[in-house]
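Report on the structure given below.
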Amino acid sequence: MDKVFAALLSADAAKVLGALPAIEQRGDARSIRPLLHALAGARDTVVRQRITGMLYEVKVEDAAAELLAALDVPDLEPVRTTIPGHFLERWSRCARASGRVRIHRNCGHCG
């Protein structure tokens with residue numbers, strides 16, 4: 001996996017995209033931090049979208065702990081908004097599946 005993780009940090013979008021299927025197949029929490037670093041360094045829109053999508057789909061044990069730990073990594077500051085997005089996406093799916101979504105229109109924050 002070291003070669004795959006190294007490919008994630010490449011400036012070549014094709015190399016990064018080529019490494020992503022191996023990450024998907026592996027499917028463990030150790031891939032989260034390399035994906036976040038790749039996202040932080042990516043300039044290609046397709047690469048950024050693909051990695052962000054993968055991070056929103058993470059369902060492995062220890063993913064939450066790994067994502068929360070990544071919030072404290074200075075090099076990952078450019079992608080910190082992606083991390084809460086993972087949790088919001090998961091919550092949204094659970095809420096839709098359970099049918100328990102309630103929208104409060106007149107809250108103090110909404111005006």
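The first residue in the sequence is number 1, and the count goes up from there.
Of the candidates T82, V16, L39, R48 forms a side-chain contact (heavy atoms from CB on, under 4.5 Å) with just one, namely L39.
When every heavy atom of A40 is checked against every heavy atom of D75, the shortest pair comes out as CB-O, 4.1 Å. Taking all atoms of both residues into account, the shortest heavy-atom contact from A63 to V58 is CB-CG1, 3.3 Å. Across all their heavy atoms, V47 and A13 have their closest contact at CG2-CB, 3.7 Å. Of all heavy-atom pairs between R33 and V73, the closest is NH1-CG2, 3.4 Å.
Within the model, atoms CG of L71 and CD of E77 stand 11.0 Å from one another, a figure rounded to the nearest 0.5 Å. One distance of note links CG of L67 with CG of L55; it measures 7.0 Å at 0.5 Å rounding. Note that CG of D62 is 8.5 Å distant from CD1 of I32, once rounded to the nearest 0.5 Å.
Cluster membership for M54 and F5, using ILVMFWY side-chain heavy atoms within less than 4.5 angstrom, is shared. L9 and V4 fall into different hydrophobic clusters, where Ile, Leu, Val, Met, Phe, Trp and Tyr side chains are chained together by heavy-atom contacts under 4.5 Å.
Listed by first then second residue, pairs satisfying side-chain hydrogen bond (donor to acceptor under 3.5 Å, both in side chains) with a partner in residues 1-10 number zero, not counting sequence neighbours. For residues 14-26, the side-chain hydrogen bond (donor to acceptor under 3.5 Å, both in side chains) pairs, not counting sequence neighbours, are E24-R50, R26-D28.
Residues satisfying the side chain to side chain donor-acceptor pair (under 3.5 Å) criterion with D44, sequence neighbours excluded, are absent altogether.
Two residues are said to be in side-chain contact when any heavy atoms from C-beta on lie closer than 4.5 Å; L20 and L35 meet this criterion.
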